[in-house]
Visitor: 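Before I ask anything, here is the structure I am working with.
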Amino acid sequence: MNTPLQNDLYLRALACEDVERTPVWVMRQAGRYLPEYLRVRKQAGDFMTLCSTPELACEVTLQPLDRFPLDAAILFSDILTIPDAMGLGLYFAAGEGPKFKNPVRTAADIKALPVIDPADKLRYVTDAVSLIRRELNGRVPLIGFSGSPWTLATYMIEGGGSKDFAKAKGMIFSDPDTLHTLLDKNAKSVIAYLNAQVEAGAQALMIFDTWGGVLSPENYRNFSLQYMAQIVDGLKREADGRKVPVVLFTKNGGRWLSDIADTGCDGLGVDWTTDLKDARTLCGDRVALQGNLDPCVLYGSDENIRSEVKKVLDSFGKGPGHVFNLGHGIHQFVNPDKLAVMVEAVKEFSSKRIDQAH
C-alpha cells in the first residue's frame, strides 16, 4: 500500500503546508446525483447491499473521480454501520431514510449493547477500503469516516431521523448517566472502526457530527464534543510513514469552532452559515478549514457558481490550510455538470491567487 501519491494536495492542505492550488472534494460526492451511481444502486437491489458489497462500494467510490478532477476519494458507506453492527437492525424505508428495528430507549437496552469489533461485524467496510485503496493506485488520498457518537445516538434512540430529537435530547434531562454510557460505547466503537479503516488503507479520517448543532452550548460540550475529543485521542495518526489527518464537522456548529479546534484535530468542516474569515479568526492557525459553499449554489447559473466559489476563496483569504468543499452533502437533484463548473472554478481561481502571491 506504499504506492506514492500522485496528488497529495489534500493531505498537504490539512497539514497547513503550502499548495499550488486549493484542493477540492465534495461531501456525498459518490451518490444519487450521478446517473452512473443510480445504475449500480439498481443493480445492487437495495442500499445496504450496495454498502456491504466491497466491489460495488469501490465502484461507486471511484465514479466521481472518473468524471471530475477531484483531489480526494471518500469511502462509500453509511454513518449508521456501527449501530447496525451492534444489532439495531438498520433498514431503509422508501422515501423515509434510515430506520432501526430495535431502537435503544432504556438503561437495560444500552447496557446490553456491545462495543463493536470491526473485524467481526464490519469486515465489509475494511475490505472495501482495501479494495478502493488498491484501485486508486495513488491517484488521490482515500478518506475514511464515521458518524459522531452523539449523531449515532440520536438515530439509535429515536429509531430513525427526527425533527425535534425529543427522545434523544429528553434523555439528556431525564437520564444523563445512561446517555453517557451509550456515548462512551459509541466513542470506543468509532475509535476501533476508524483505526481499522486506517489499517486497511484510509489516509485521512472525517467524523460527521450531523446533529451536534441541535444542542445548547453546554450540552454540545458535554454530550458531543467531549466524545469526539475522546476519539481524536484514541486514533492511529500515522500510516505508511505519513500523518493521517482527522477532520471534525459539526453541522450548525460555527459558534463552537474554537472549542472543536482544541480537540487536537487537524481540520474543521465549516458549513455555509459561518464565513471562513470568521472561522479563521476563531481558530487561528491551529487547524485547516474545509468548506463551505452552500450546496444550493449548484442550482444556479454557471456564472453564479463561479462567483460564489470566488467568494468562498476570498473569505478564506491568503495562506495555507483550506480544502474547498460544500458546506454539507451535495443534493440529489443537482446536475453533475454544475459540479464540474464548481471544481473548475476552484482550480482556476485558487491557482491564480497563489501565482499572484508569488
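Quick note: residue numbers are just sequence positions, from 1. Both backbone and side-chain heavy atoms feed into the values below; hydrogens, waters and symmetry mates do not. Predicted model only: the values in this text are computed from it and were never measured.
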Visitor: Would you please classify the geometry between the Y155 ring and the W211 ring as parallel, tilted or perpendicular, with 30° and 60° separating the classes?
Guide: tilted
Visitor: Is a side-chain donor or acceptor of T61 paired with a backbone partner of A57 at a separation under 3.5 angstrom?
Guide: yes
Visitor: Output, in order, the C-alpha distance, side-chain angles, deciding distance and verdict of side chain to side chain contact (heavy atoms under 4.5 Å, CB included) for T181 and K111.
Guide: CA-CA 8 Å; T181 299; K111 188 178 179 186; over 6 Å; no
Visitor: Write down the atom of V246, the atom of V232, and the distance for their closest heavy-atom approach.
Guide: CG1-CG2, 4.4 Å
Visitor: Find out whether F47 and P98 are in side-chain contact, i.e. whether some heavy atom of one side chain is under 4.5 Å from a heavy atom of the other.
Guide: no
Visitor: Got a second to check how far L50's CG is from M48's CE, nearest 0.5 Å?
Guide: 10.0 Å
Visitor: Hey, does M156 have a side-chain heavy atom less than 4.5 Å from the side chain of I110?
Guide: no
Visitor: Ion pair present between R139 and D66, side-chain N to carboxylate O less than 4.0 angstrom?
Guide: yes
Visitor: Any side-chain heavy atom of D314 sitting closer than 4.5 Å to one from F349?
Guide: no
Visitor: Ignoring hydrogens, what is the shortest heavy-atom contact between T126 and Q197? Give both atom names and the distance.
Guide: CG2-N, 4.3 Å
Visitor: Does V140 reach the side chain of L70, with side-chain heavy atoms less than 4.5 Å apart?
Guide: no
Visitor: Between D302 and K338, is there a side-chain N and carboxylate O pair less than 4.0 Å apart?
Guide: yes
Visitor: If every non-hydrogen atom of L289 is compared with every non-hydrogen atom of A279, which pair is closest and at what distance?
Guide: CD1-CB, 3.7 Å
Visitor: Among residues two or more places apart or on two chains, list those pairs meeting ring pair (Phe, Tyr, Trp, His ring centres under 6.0 Å) that have a residue in residues 272-304.
Guide: Y299-H331
Visitor: Please evaluate residues L113 and L88 with respect to the criterion side chain to side chain contact (heavy atoms under 4.5 Å, CB included), reporting the C-alpha separation (whole Å), side-chain torsions for both, the decisive distance (0.1 Å), and the verdict.
Guide: CA-CA 9 Å; L113 288 174; L88 271 62; 3.5 Å; yes
Visitor: Report, as yes or no, whether the 6.0 Å neighbourhood of atom CG on D285 holds more than 12 heavy atoms from other residues, nucleotides or ligands.
Guide: no
Visitor: Between V40 and Q63, is the side chain to side chain contact (heavy atoms under 4.5 Å, CB included) condition met? List the steps.
Guide: CA-CA 10 Å; V40 179; Q63 283 174 344; 3.4 Å; yes
Visitor: Please check: side-chain N/O of S162 versus main-chain N/O of D164, any donor-acceptor pairing under 3.5 Å?
Guide: yes
Visitor: Looking at CD1 of I207 and OG1 of T250, how far apart are the two atoms once the value is rounded to the nearest 0.5 Å?
Guide: 9.5 Å
Visitor: Is it true that a side-chain atom of K347 and a backbone atom of P69 form a donor plus acceptor pair closer than 3.5 Å?
Guide: yes
Visitor: Inspect the surroundings of NZ in K236 and state if more than 12 heavy atoms from other residues, nucleotides or ligands are less than 6.0 Å away.
Guide: yes
Visitor: Please say yes or no: joined through hydrophobic side-chain contacts below 4.5 Å, possibly via intermediate residues, are V104 and Y91 part of one cluster?
Guide: no
Visitor: Could you tell me whether E59 and R39 have a side-chain N and a carboxylate O separated by less than 4.0 Å?
Guide: no
Visitor: If I compare all heavy atoms of W256 with all of G213, which pair ends up nearest, and what's the gap?
Guide: CZ3-CA, 4.0 Å
Visitor: Working note: N186 + M86, criterion side chain to side chain contact (heavy atoms under 4.5 Å, CB included); need CA distance, chi angles, decisive distance, verdict.
Guide: CA-CA 10 Å; N186 285 352; M86 289 176 168; 3.5 Å; yes
Visitor: Quick check: do D294 and E308 have side-chain heavy atoms less than 4.5 Å from each other?
Guide: no
Visitor: To the nearest 0.5 Å, tell me how far L14 CG sits from L9 CG.
Guide: 11.0 Å
Visitor: Would you kindly confirm whether Y124 and F76 end up in one hydrophobic cluster when ILVMFWY residues are joined by side chain heavy atoms under 4.5 Å apart?
Guide: yes
Visitor: Under 3.5 Å, side chain of S130 to main-chain N/O of A200, donor-acceptor pair present?
Guide: yes
Visitor: What distance do N325 atom CG and N292 atom CG have between them, rounded to the nearest 0.5 Å?
Guide: 9.5 Å
Visitor: Report yes if some heavy atom in the side chain of P336 is under 4.5 Å from a heavy atom in the side chain of P35; otherwise report no.
Guide: yes
Visitor: Could you tell me whether the side chain of T154 and the main chain of A168 form a donor-acceptor pair under 3.5 Å?
Guide: no
Visitor: Which heavy atom in L11 sits nearest to a heavy atom in A204, and how many Å separate them?
Guide: CD2-CB, 4.1 Å
Visitor: Grouping I, L, V, M, F, W and Y whenever their side-chain heavy atoms are under 4.5 Å apart, do V60 and L62 come out in a common cluster?
Guide: yes
Visitor: Is there a chain of hydrophobic side chains (I, L, V, M, F, W, Y, each step under 4.5 Å between heavy atoms) that links V115 to L90?
Guide: no
Visitor: Closer than 3.5 angstrom, by distance alone: can the side chain of D275 be matched with the main-chain N or O of K277 as a donor-acceptor pair?
Guide: no
Visitor: List, one per line, each side-chain donor-acceptor pair under 3.5 Å for residues 222-231, sequence neighbours excluded.
Guide:
{"from": "N222", "atom 1": "ND2", "to": "E218", "atom 2": "O", "distance (Å)": "3.4"}
{"from": "S224", "atom 1": "OG", "to": "D209", "atom 2": "OD1", "distance (Å)": "3.2"}
{"from": "S224", "atom 1": "OG", "to": "D209", "atom 2": "OD2", "distance (Å)": "2.9"}
{"from": "Q226", "atom 1": "NE2", "to": "N222", "atom 2": "O", "distance (Å)": "2.8"}
{"from": "Y227", "atom 1": "OH", "to": "H180", "atom 2": "ND1", "distance (Å)": "2.6"}
{"from": "Q230", "atom 1": "NE2", "to": "D184", "atom 2": "OD1", "distance (Å)": "3.1"}

Visitor: Are R306 and E303 close enough for a salt bridge, meaning some N to O gap below 4.0 Å?
Guide: no
Visitor: If we ignore hydrogens and angles and just use 3.5 Å, is the side chain of E17 paired with the main-chain N or O of P320 as donor and acceptor?
Guide: no
Visitor: CZ of R242 to CZ of R12: how many Å apart, nearest 0.5 Å?
Guide: 8.0 Å
Visitor: Can you tell if the side chain of I116 reaches within under 4.5 Å of the side chain of K121, non-hydrogen atoms only?
Guide: no
Visitor: For K99, does the NZ atom sit with more than 12 other heavy atoms under 6.0 Å from it, leaving out its own atoms?
Guide: yes
Visitor: Does the distance from a Lys or Arg side-chain N to an Asp or Glu carboxylate O, for D127 and R123, drop under 4.0 Å?
Guide: yes
Visitor: Going by side-chain hydrogen bond (donor to acceptor under 3.5 Å, both in side chains), name the residues that satisfy it together with N7, two or more places apart in sequence or in a different chain.
Guide: D71
Visitor: Less than 4.5 Å apart, any side-chain heavy atom of Y10 and any of Q290?
Guide: yes
Visitor: Check whether D109 reaches the backbone of R105 with its side chain - one donor and one acceptor, N or O, closer than 3.5 Å.
Guide: yes
Visitor: Taking the inter-plane angle between the rings of F249 and F208 on a 0 to 90° scale, is it parallel (under 30°), tilted (30 to 60°) or perpendicular (over 60°)?
Guide: perpendicular
Visitor: If only atom types and distance count, is the side chain of S351 paired as donor or acceptor with the main-chain N or O of R21 below 3.5 Å?
Guide: no
Visitor: Measuring from atom CE of M27 to atom CG of L326, what distance do you get when rounded to the nearest 0.5 angstrom?
Guide: 6.5 Å
Visitor: Without hydrogens or angle criteria, can the side chains of R286 and S258 be said to hold a donor-acceptor pair below 3.5 Å?
Guide: yes
Visitor: Indicate, with yes or no, if I79 and I132 share a hydrophobic cluster defined by side-chain heavy-atom contacts under 4.5 Å among Ile, Leu, Val, Met, Phe, Trp and Tyr.
Guide: yes
Visitor: For the residue pair A13 and V323, what are the closest heavy atoms and their distance?
Guide: CB-CG2, 3.9 Å
